[in-house]
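Have a look at the structure below before the remarks.
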Amino acid sequence: MLIAHSPDADDIFMYYAIKFGWVGMNNVSFENIALDIETLNEATLKGTYDIAAISFALYPHVKDEYAPLRTAVSFGEGYGPKLIKLKGTKLKRNFKVALSGKYTTNAMLFRIAYPDARITYMNFLEIEDAVKSGKVDAGVLIHESILTYADELEVEREIWDVWQELSGGGLPLPLGGMAIRRSLPLNKAIEYEKTLTKAVDVARQHKERLSKMLIERDLVRVDAPTLDKYLELYANDDSVSLSQIQLQAIDKLYELGYKHGFYDMPVKIEDYLIPTQYESLRNS
């Protein structure tokens with residue numbers, strides 16, 4: 001089974017308990033591929049992978065072909081992507097901005113908050129340099145870049161603050177999760193979800209050991225202190241399994257998306273989750 005995830009540290013961390021053989025599934029061999037999140041979003045639109053990491057904002061576009069997994073989720077809680085610019089500059093109403101992809105959550109929230117901005121999309125690793133060089137006036141940083149951006153840059157606005165204003169406050173910021181192809185046999189889908197949930201749980205239980213292995217094998221782009229801080233942001237105990245407040249936050253995101261014309265119908269995330277009750281009914 002091929003699992004597609006992003007190359008950022010939280011996805012690597014949450015998957016590698018499987019890669020290192022700490023967690024497995026009978027008669028299933030797991031392989032992985034790491035691609036930037038917008039590449040994964042676009043691949044999921046095309047139905048490329050059976051299991052893939054996606055931005056939460058993408059999901060309503062693929063709901064008929066994919067089910068959201070309850071595990072390996074990343075939310076912001078007082079933090080998140082950052083709109084950055086050169087220090088001392090002032091942004092015009094129609095400033096040119098670099099975003100990490102049309103279907104990312106940060107892009108949807110940004111487009112709602114800044115309808116007059118001129119948007120260009122690029123790989124998230126190129127955004128910081130694009131701002132520093134003047135190719136764009138500003139950019140939204142994601143992943144580890146929110147902790148490591150250059151000194152000549154400053155934060156114009158936190159996407160967390162945009163989210164709080166748009167959502168009414170009190171909810172975590174839904175950023176990314178995993179999706180699984182609906183055409184897979186239901187009993188298999190349930191087992192895949194359980195295995196991935198266990199992998200994230202085991203990773204959290206052995207965070208120090210796993211982090212050290214990732215650093216030693218040069219599997220992440222940051223140093224040990226930054227990795228530790230980053231994992232507490234995006235691969236924490238709340239990443240193991242969706243909570244009720246996280247479900248509410250995703251629903252609010254989709255409510256905003258529908259209200260502003262990003263989706264053609266209202267979506268409630270719980271309507272699309274894998275029906276795990278099937279397992280108990282099957283065994284009874």
Side-chain angles (χ1 to χ4, degrees), residues 1-25 28-41 43 49-56 69-77 79-82 100-101 104-106 123-128 141-150 173 175-180 192-242:
M1 170 58 69
L2 180 63
I3 297 178
H5 57 77
S6 82
D8 56 300
D10 56 327
D11 275 16
I12 295 288
F13 177 81
M14 290 191 284
Y15 173 76
Y16 264 67
I18 291 175
K19 191 73 171 180
F20 290 149
W22 300 354
V23 175
M25 185 172 160
V28 174
S29 176
F30 286 98
E31 297 294 334
N32 69 303
I33 183 171
L35 300 166
D36 77 89
I37 190 61
E38 186 65 2
T39 298
L40 293 174
N41 286 336
Y49 301 110
D50 287 335
I51 301 176
I54 63 169
S55 299
F56 276 125
L69 292 180
R70 294 173 174 85
T71 193
V73 296
S74 293
F75 284 73
E77 187 66 73
Y79 50 84
K82 300 176 183 290
S100 54
T104 58
T105 303
N106 72 80
N123 186 289
F124 70 94
L125 291 172
E126 301 171 354
I127 291 177
E128 182 175 342
L141 299 181
I142 62 171
H143 300 329
E144 300 95 331
S145 298
I146 68 170
L147 300 177
T148 61
Y149 59 88
L173 168 59
L175 293 169
M178 302 285 290
I180 186 168
Y192 288 133
E193 183 174 64
K194 287 169 64 176
T195 300
L196 290 169
T197 302
K198 184 177 180 181
V200 179
D201 189 33
V202 167
R204 286 297 304 167
Q205 291 178 36
H206 301 278
K207 178 191 171 188
E208 184 175 339
R209 180 184 174 196
L210 180 54
S211 296
K212 183 179 179 181
M213 292 173 72
L214 296 178
I215 293 288
E216 289 174 347
R217 289 161 172 78
D218 199 27
L219 291 168
V220 291
R221 298 183 292 256
V222 293
D223 58 21
T226 305
L227 176 61
D228 182 70
K229 184 175 180 180
Y230 184 72
L231 294 179
E232 288 310 304
L233 297 179
Y234 292 128
N236 51 46
D237 290 341
D238 292 330
S239 299
V240 178
S241 187
L242 280 170

Fill in the blank from the handout: The ring pair (Phe, Tyr, Trp, His ring centres under 6.0 Å) partners of Phe56 (sequence neighbours excluded) come to Phe75
Exercise for the section: Would you sort out whether Ile51 and Met1 count as a side-chain contact (heavy atoms from CB on, under 4.5 Å), showing the intermediate values? Expected result: CA-CA 8 Å; Ile51 301 176; Met1 170 58 69; 4.1 Å; yes
Handout entry: Side-chain donor/acceptor of Ser241 to backbone N/O of Thr71, under 3.5 Å
Key = no
Handout entry: Residue list, side chain to side chain contact (heavy atoms under 4.5 Å, CB included) with Ala52, at least two apart or on another chain
Key = Ala4, Thr44, Tyr49
Fill in the blank from the handout: Rounded to the nearest 0.5 angstrom, the CZ-CG distance for Arg70 and Leu242 is 8.0 Å
Acceptor/donor pairs from residues 220-227 side chains to any protein atom, 3.5 angstrom cut, sequence neighbours excluded:
from	atom 1	to	atom 2	distance (Å)
Arg221	NH1	Pro7	O	3.4
Arg221	NH2	Glu144	OE1	2.6
Asp223	OD1	Thr226	N	3.0
Asp223	OD1	Thr226	OG1	2.7

Completion exercise
Residues Pro81 and Leu175: closest non-hydrogen pair is CD-CD2, 3.9 Å
Fill in the blank from the handout: side chain to side chain contact (heavy atoms under 4.5 Å, CB included) filter on Ala179, not counting sequence neighbours, yields Ile54, Tyr66
Exercise for the section: Quick one: pull up CE in Met178 and NE2 in His5 and give me the separation to the nearest 0.5 Å. Expected result: 8.0 Å
Practice task
Taking the side chain as every heavy atom from C-beta outward, state whether Asp11 and Ile37 have any atom pair closer than 4.5 Å.
Solution key: no
Practice task
For Asp201, check salt bridge (charged side-chain N to carboxylate O under 4.0 Å, His left out) against everything at least two apart and list the hits.
Solution key: none
Handout entry: Residues which pass side-chain hydrogen bond (donor to acceptor under 3.5 Å, both in side chains) with Thr39, listed by chain and number, not counting sequence neighbours
Key = Asp36
Exercise for the section: Show the numbers, then the answer: is there a side-chain contact (heavy atoms from CB on, under 4.5 Å) between Leu233 and Ile146? Expected result: CA-CA 11 Å; Leu233 297 179; Ile146 68 170; 4.1 Å; yes
Exercise for the section: Check whether any side-chain heavy atom of Phe124 lies under 4.5 Å from a side-chain heavy atom of Thr104, and answer yes or no. Expected result: no
Exercise for the section: Go through the steps to decide whether Thr195 and Phe30 satisfy the test side-chain contact (heavy atoms from CB on, under 4.5 Å), and finish with yes or no. Expected result: CA-CA 11 Å; Thr195 300; Phe30 286 98; 4.1 Å; yes
Exercise for the section: Please identify each residue that fulfils side chain to side chain contact (heavy atoms under 4.5 Å, CB included) with Glu208, with sequence neighbours left out. Expected result: none
Handout entry: Counterpart residues, side-chain hydrogen bond (donor to acceptor under 3.5 Å, both in side chains), relative to Asp237 (two or more places apart)
Key = Arg204
Problem - Tyr79-Tyr230 aromatic ring centre distance below 6.0 Å - result: no
Handout entry: With Ser74 via side-chain hydrogen bond (donor to acceptor under 3.5 Å, both in side chains) - residues at least two apart
Key = Asp10
Show every donor-acceptor pair shorter than 3.5 Å between a side-chain atom in residues 210-219 and any protein atom, with sequence neighbours excluded, or say none if there are none.
from	atom 1	to	atom 2	distance (Å)
Ser211	OG	Lys207	O	2.8

Practice task
Taking all heavy atoms of Leu231 and all of Ala9, pick out the closest pair and write down the distance.
Solution key: CD2-O, 3.9 Å
Fill in the blank from the handout: Residues Ser100 and Asn106: closest non-hydrogen pair is OG-ND2, 3.3 Å
Handout entry: Ile18 vs Asn32, side-chain contact (heavy atoms from CB on, under 4.5 Å): CA-CA, chis, key distance, verdict
Key = CA-CA 10 Å; Ile18 291 175; Asn32 69 303; over 6 Å; no
Handout entry: Student check: side-chain heavy atoms of His206 and Phe20 closer than 4.5 Å
Key = no
Completion exercise
All heavy atoms of Ala17 vs all of Ala203, minimum pair found to be CB-N, 4.4 Å
Problem - Residues which pass side-chain hydrogen bond (donor to acceptor under 3.5 Å, both in side chains) with Asn41, listed by chain and number, not counting sequence neighbours - result: Glu38, Ser55
Completion exercise
In short, Phe13 meets Ala235 closest at the heavy-atom pair CD2-CB, 3.8 Å
Practice task
Please answer whether the main-chain N or O of Ala150 pairs with a side-chain N or O of Glu128 as donor and acceptor at a distance below 3.5 Å.
Solution key: yes
Exercise for the section: Report the distance from atom OH of Tyr149 to atom CD1 of Ile127, rounding to the nearest 0.5 Å. Expected result: 14.5 Å
Practice task
Please examine the side chains of Asp238 and Val73, heavy atoms only from C-beta on, and report whether any two atoms are closer than 4.5 Å.
Solution key: no
Problem - Lys198: side chain to side chain contact (heavy atoms under 4.5 Å, CB included) partners, not counting sequence neighbours - result: Val23, Val202
